[in-house]
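Data first, discussion second: the structure below is written as structure tokens.
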Amino acid sequence: MMRVLEGSRRRLGWGLVGCGGVARDYVLPALLEAGNARLVALCDSDAEALARAPGDGVARFTRLEDLLAHPEVEAIYVATPNHLHAPVTVACAAAGKHVLCEMPMAIHPEEGARMVEACRRAGVHYATAFDQRHHAAHRKLRTLVREGALGIVTQARIHYACWLPREGAPRNWRIDPRQAGGGAMINLAPHGLDLLEVLLDDEWTSLTALMQRRVHDYPVDDGAILMGKFRSGALGVLQVAYNCPDTYPRRTLELIGTRARAMAYRTMGQTPGGTLTLTDAATGAMTAVPLSEQEERSPFLHQAEVFSACVLEGRPQPFAPERDVRLLTLLSRACDSRSREAPSCR
């Protein structure tokens with residue numbers, strides 16, 4: 001895919017709130033490299049995290065109101081813990097700033113709806129940062145599905161997991177129910193919920209959740225399975241976990257169709273790369289789907305350029321924010337109905 005707005009002189013001024021690991025390692029490098037964006041300012045209440053963040057000559061603030069008052073900041077990437085997504089987004093909208101917010105957009109659907117309404121009233125863009133849809137292999141796979149290369153897709157499966165112990169991460173907000181709103185389910189499953197709708201150009205109509213606290217002794221789920229049905233009749237399964245050793249194959253995406261099966265390996269995650277293969281239903285022959293060097297760019301970079309292009313060109317974001325609220329509502333209902341059944345750690 002060609003670089004968005006290649007050679008354009010106009011660059012959108014960006015600020016970032018929350019300088020944790022994902023922001024430091026992936027979001028900030030993308031904003032610094034994007035052809036139609038420029039990093040203007042950073043904000044984090046933790047002065048040490050703020051100092052470690054990359055960006056020479058970038059303004060740095062420990063108070064959100066100071067960042068929002070910066071006249072060159074036009075858009076904000078919200079990379080805070082989950083419980084702050086809603087209040088920060090509402091404050092950004094009130095200041096007239098466009099918002100690209102990390103997933104999940106909020107802990108509760110009501111908060112998500114409030115975020116969308118605040119941005120609508122302010123006349124600013126809002127999008128949830130579902131970076132997986134911007135991975136080159138996933139964009140290629142979406143094209144293959146649309147062209148009919150897989151035939152009728154009957155099932156979709158994603159395994160997206162990691163090892164996240166309590167030890168060594170005493171300040172990890174992802175295992176704090178107050179800040180995260182849950183564990184593996186709320187922090188990993190939304191990626192797959194969004195991605196499969198994008199790939200299949202379809203909508204989830206029902207979801208059922210099963211959660212566990214099997215290995216780690218923190219007060220949130222360390223593993224979960226989400227099962228559901230799409231409007232077309234296709235079935236989907238998402239397996240997510242904080243209790244899966246990192247040495248295992250744990251980042252796979254499979255679409256099973258009547259003409260071919262697509263398997264993406266090591267494409268789920270923050271980095272480019274991985275492999276995409278097709279297995280022919282008639283012959284069983286497996287072929288690799290090549291990705292060009294241009295297509296192997298960071299999904300965060302592509303995401304930043306797509307969002308910036310929509311703002312600069314005055315056109316809507318590719319997906320309406322109301323869709324994100326719908327997905328969060330489905331997930332919340334599925335988890336609420338099963339949360340009491342999750343077994344405690346041994």
*Which word best sums up how the rings of His191 and Tyr160 line up, parallel for under 30°, tilted for 30 to 60°, or perpendicular for over 60°?*
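Rings of His191 and Tyr160: perpendicular, over 60°.
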Provide the closest heavy-atom pair for [X] versus [Y] in the form atom of the first, atom of the second, distance.
X      : Y      : result
Met185 : Pro190 : O-CD, 3.3 Å
Pro109 : Thr329 : CB-OG1, 3.4 Å
Thr271 : Tyr26  : CG2-CE2, 3.8 Å
Cys19  : Ala23  : CA-CB, 4.2 Å
Pro54  : Leu42  : O-CD1, 3.9 Å
Ala41  : His70  : CB-CD2, 4.4 Å

*State, with a plain yes or no, whether a side-chain heavy atom of Met105 is found less than 4.5 Å away from one of Val325.*
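Answer yes - side chains close enough.
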Quick one: do [X] and [Y] end up in the same hydrophobic cluster if we chain Ile, Leu, Val, Met, Phe, Trp and Tyr together by side-chain heavy atoms under 4.5 Å apart?
X      : Y      : value
Leu327 : Val116 : no
Ile76  : Leu312 : no
Leu12  : Val99  : no
Val40  : Val88  : yes
Val153 : Trp204 : yes

*With distance as the sole criterion, is a donor-acceptor pair present between the side chains of His98 and His125 under 3.5 Å?*
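Side-chain D/A pair, His98 to His125: absent.
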*Hey, are Asn172 and Tyr218 close enough side-chain-wise for a donor-acceptor pair under 3.5 Å?*
no
Whether [X] side chain and [Y] backbone form a donor-acceptor pair below 3.5 Å:
X      : Y      : result
Asp221 : Ala184 : yes
Gln132 : Gly269 : yes
His85  : Thr80  : yes
Asp222 : His216 : yes
Glu74  : Gly13  : yes
Arg60  : Ala53  : yes
Arg166 : Asp217 : yes
Asp280 : Ala285 : no
Ser298 : Phe300 : yes
Asn82  : Gly181 : no

_Partner of Glu197 under salt bridge (charged side-chain N to carboxylate O under 4.0 Å, His left out), chosen from Arg142, Arg326, Arg133_ = Arg326
*asked:* Can you tell me if Arg114 has over 12 outside heavy atoms packed within less than 6.0 Å of its CZ?
replied: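 More than 12 within 6.0 Å, yes.
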*asked:* Looking at Glu48, I want to see if its CD is surrounded by more than 12 non-hydrogen atoms of other residues, nucleotides or ligands under 6.0 Å.
replied: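 It does not: Glu48 CD has 12 such atoms or fewer within range.
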Less than 4.0 Å between a side-chain N and a carboxylate O, is that true for [Y] and [X]?
X      : Y      : answer
Arg174 : Glu102 : no
Arg120 : Glu117 : yes
Glu72  : Arg38  : yes

Spacing of [X] atom [atom1] and [Y] atom [atom2] [to the nearest 0.5 Å]:
X      : Y      : atom1 : atom2 : value
Leu196 : Asp202 : CG    : CG    : 10.0 Å
Arg251 : Thr267 : CZ    : OG1   : 7.5 Å
Ser332 : Glu111 : OG    : CD    : 10.0 Å
Ile158 : Gln239 : CD1   : CD    : 11.5 Å
Met268 : Arg250 : CE    : CZ    : 11.5 Å
Asp324 : Leu193 : CG    : CG    : 11.0 Å

*Under the side chain to side chain contact (heavy atoms under 4.5 Å, CB included) rule, collect the residues that match up with Arg259, sequence neighbours excluded.*
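Arg259 satisfies side chain to side chain contact (heavy atoms under 4.5 Å, CB included) with no other residue.
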*Only counting residues at least two apart or in another chain, list the ones meeting side chain to side chain contact (heavy atoms under 4.5 Å, CB included) with Asp25.*
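None.
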*Decide side chain to side chain contact (heavy atoms under 4.5 Å, CB included) for Ile175 and Leu164; before the verdict, give the C-alpha distance in whole Å, the side-chain angles of both, and the deciding distance to 0.1 Å.*
CA-CA 9 Å; Ile175 62 174; Leu164 185 66; 3.9 Å; yes
